[in-house]
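Letters go in sequence order (proteins before strands), and every chain restarts at 1. Bear in mind the structure is a predicted one, so any value in this text is a computation, not a measurement.
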Number of protein chains: 2
Amino acid sequence: MDIKTRSDGSVKSVQLAFDVLEAVAASQEEVGVSELAAHLGTTKGTVFRHLQTLMERGYVDQNQTSSRYKLGMRSYFIGQTAAARIEILSASTEAVSALRDEIGETVVVSALRGTSLIVLRTVFGKSTLEIGVREGSELVLHGTAQGKIALAFSRKPLLQGVLRKGLEPITEHTITDPAAFDKELQLARAQGYVTAANQETFGINALAAPILDQTGDLVGTIAIVGSVQNIKHDPSHKQVEALLKASLRISWNLGYDKMTVSGRQP
Amino acid sequence: MDIKTRSDGSVKSVQLAFDVLEAVAASQEEVGVSELAAHLGTTKGTVFRHLQTLMERGYVDQNQTSSRYKLGMRSYFIGQTAAARIEILSASTEAVSALRDEIGETVVVSALRGTSLIVLRTVFGKSTLEIGVREGSELVLHGTAQGKIALAFSRKPLLQGVLRKGLEPITEHTITDPAAFDKELQLARAQGYVTAANQETFGINALAAPILDQTGDLVGTIAIVGSVQNIKHDPSHKQVEALLKASLRISWNLGYDKMTVSGRQP
DNA sequence: AATGATGTTTCGCATTGCAAGACAAAACTT
DNA sequence: AAGTTTTGTCTTGCAATGCGAAACATCATT
């Protein structure tokens with residue numbers, strides 16, 4: 001199960017501590033020592049000691065009556081601090097809620113991390129049916145509007161990696177022809193936005209635009225996500241305008257200025 | 001500096017790892033290894049190794065060009081998960097934003113943890129001047145509206161501890177006479193809300209109400225906070241109504257039902 | 001070039017965290 | 001109500017492991 005590529009340079013017991021913390025986080029309900037130990041493949045004593053540490057720090061709380069464990073307040077606070085420190089999050093907060101209020105659809109912010117596009121924030125739309133993307137999940141680059149925006153606007157050579165793996169069909173509407181896909185990226189670059197109806201999930205569409213930093217490089221995307229009924233292949237003028245406004249506002253917050261940044265070279 | 005009351009039962013290297021993580025979080029700017037080592041009173045090598053671990057896990061990110069460190073996305077995600085798991089937070093989200101939108105003042109949610117009242121969430125009001133309370137900070141029980149609510153509604157014997165320490169004056173409006181203070185708590189119980197104009201900070205007032213769980217015990221408070229101009233000693237009917245509505249809705253979410261829960265015994 | 005910062009790496013030794021198992025206290029069964 | 005299982009908690013000996021110190025590698029700045 002574990003490859004012996006040692007020389008991690010990392011601290012083993014800390015790894016275990018985070019394994020425990022994340023296992024507690026992953027559990028919907030409060031969770032007990034034995035259960036955690038079984039799940040993590042270690043002994044009760046070890047888990048217990050780590051829980052003591054995490055509790056002392058406030059990252060984990062113990063229910064006094066059931067003596068089971070759950071996430072503590074400090075876990076929440078560190079997240080709040082992180083939200084303030086992660087530029088793309090603090091820069092997008094206002095624009096995202098304004099966009100959601102204006103359009104009423106779910107708004108999704110993602111960030112490019114290495115070669116992956118990770119969902120950072122999802123704010124659900126006004127509809128009773130909640131359509132969204134789980135925070136922390138990874139967006140398929142060739143099958144989502146956000147992914148295509150990333151491929152179209154990032155200066156990193158993302159496309160090569162995608163083409164090497166091949167344009168695997170996810171639904172029957174996924175673009176699998178490299179030439180057609182290249183045209184799609186050109187369209188995205190020309191318009192500044194792009195959609196992806198049914199390409200990753202049937203019945204769902206997204207309209208995405210880039211988030212750029214002060215050098216003009218792509219750091220993330222902002223998108224509205226909803227059913228194909230509400231977001232058409234050719235989205236409404238209002239939707240496009242509102243999205244681009246939000247996209248520019250966030251990029252502006254990050255120091256991007258389309259006046260001073262020179263033309264984009266993909 | 002550190003007392004030798006060993007036999008912690010906690011894991012030392014994990015403590016250090018969290019020291020590092022929290023030090024990174026505490027720094028507004030990105031921070032370097034040497035700086036952290038100096039701050040924590042340890043060596044660069046040790047800090048470096050812990051940063052490797054935290055980075056591998058995604059709790060910390062390294063800026064590739066400056067090779068300095070900051071909080072990573074995983075820190076944010078664990079906080080999001082915690083927010084969903086901490087009952088009082090998930091139960092209050094909607095009611096808090098509704099209250100803020102209706103009244104326009106800053107809304108503050110706090111939770112009773114042991115014998116301390118901790119600020120969990122602050123949502124700023126509509127005014128350009130942001131008046132709020134730092135998340136994670138502790139509210140003075142005898143000098144804030146929230147503290148008085150906690151003392152009035154909690155079944156824990158909080159008051160004894162407060163009186164033992166004495167009603168230390170914080171401003172000249174802080175209530176310091178035990179008899180007068182007791183009357184104030186009776187008022188809070190009778191009304192279901194209470195204010196505390198100028199009692200902790202000059203020019204600031206708060207209007208607070210209890211958050212109760214299914215047993216009818218106090219688990220936290222909700223309050224609107226603002227300048228004494230906007231929140232009077234005798235608050236407007238609208239403010240009181242809106243606050244009590246939010247307070248009840250949150251308590252309801254936590255399983256409290258004023259119909260089925262028997263009378264309160266302080 | 002020389003200096004003084006930084007982040008990174010190495011290495012030996014003692015600390016310390018781990019596995020195993022004992023224990024206590026509940027929660028089920030019978 | 002006694003037995004049985006499963007829980008959380010605690011102890012202990014051994015060796016793995018994380019730590020400190022000091023060397024190394026890159027940078028800026030002088």
Aromatic contact, B/Tyr69 with B/Tyr59 (centres under 6.0 Å) = no

Under 4.0 Å between a side-chain N/O of A/Ser13 and OP1 or OP2 of D/dG18, yes or no?
-> yes

Phosphate-side-chain proximity, B/His50 and D/dG18, N/O vs OP1/OP2 below 4.0 Å = no

Readout for nucleotides 4-14 of chain C: B = base within 4.0 Å of protein heavy atom, S = sugar-phosphate only, - = neither; 5' to 3' it is --SBBB-----

Do A/Leu185 and A/Lys148 come within less than 4.5 Å of each other through their side chains, counting heavy atoms only?
-> yes

Are any non-hydrogen side-chain atoms of A/Val108 and A/Ile222 less than 4.5 angstrom apart?
-> no

Positive for side chain to side chain contact (heavy atoms under 4.5 Å, CB included) with A/Ile211, one of A/Leu218, A/Ile149, A/Val109 | A/Val109

Of A/Leu254, A/Ile250, A/Leu212, the residue whose pairing with A/Val219 passes side chain to side chain contact (heavy atoms under 4.5 Å, CB included) | A/Leu254

In this structure, how many angstroms lie between the [atom2] atom of [N] and the [atom1] atom of [X], rounded?
{"X": "A/Leu51", "N": "D/dC10", "atom1": "CG", "atom2": "P", "answer": "13 Å"}
{"X": "A/Leu40", "N": "C/dA19", "atom1": "CG", "atom2": "P", "answer": "11 Å"}
{"X": "A/Leu54", "N": "C/dG17", "atom1": "CG", "atom2": "P", "answer": "13 Å"}
{"X": "B/Gln64", "N": "D/dT26", "atom1": "CD", "atom2": "C1'", "answer": "15 Å"}

Double-helix bend of the helix from C/dA1-D/dT30 to C/dA27-D/dT4, axes at both ends from 5 pairs, round to 10°, gives 40°

Rounding to 0.5 Å, atoms CD (A/Gln15) and OG (B/Ser13) come to a distance of 11.0 Å

Per A/Leu16 side chain, nearest of listed nucleotides C/dC18, D/dG18, D/dG20 | C/dC18

When you check the side-chain N and O atoms of B/Thr122 and B/Glu135, is any donor under 3.5 Å from an acceptor?
-> no

Partner of B/Asn63 under side chain to side chain donor-acceptor pair (under 3.5 Å), picked from B/Lys70, B/Glu30, B/Arg68, is B/Glu30

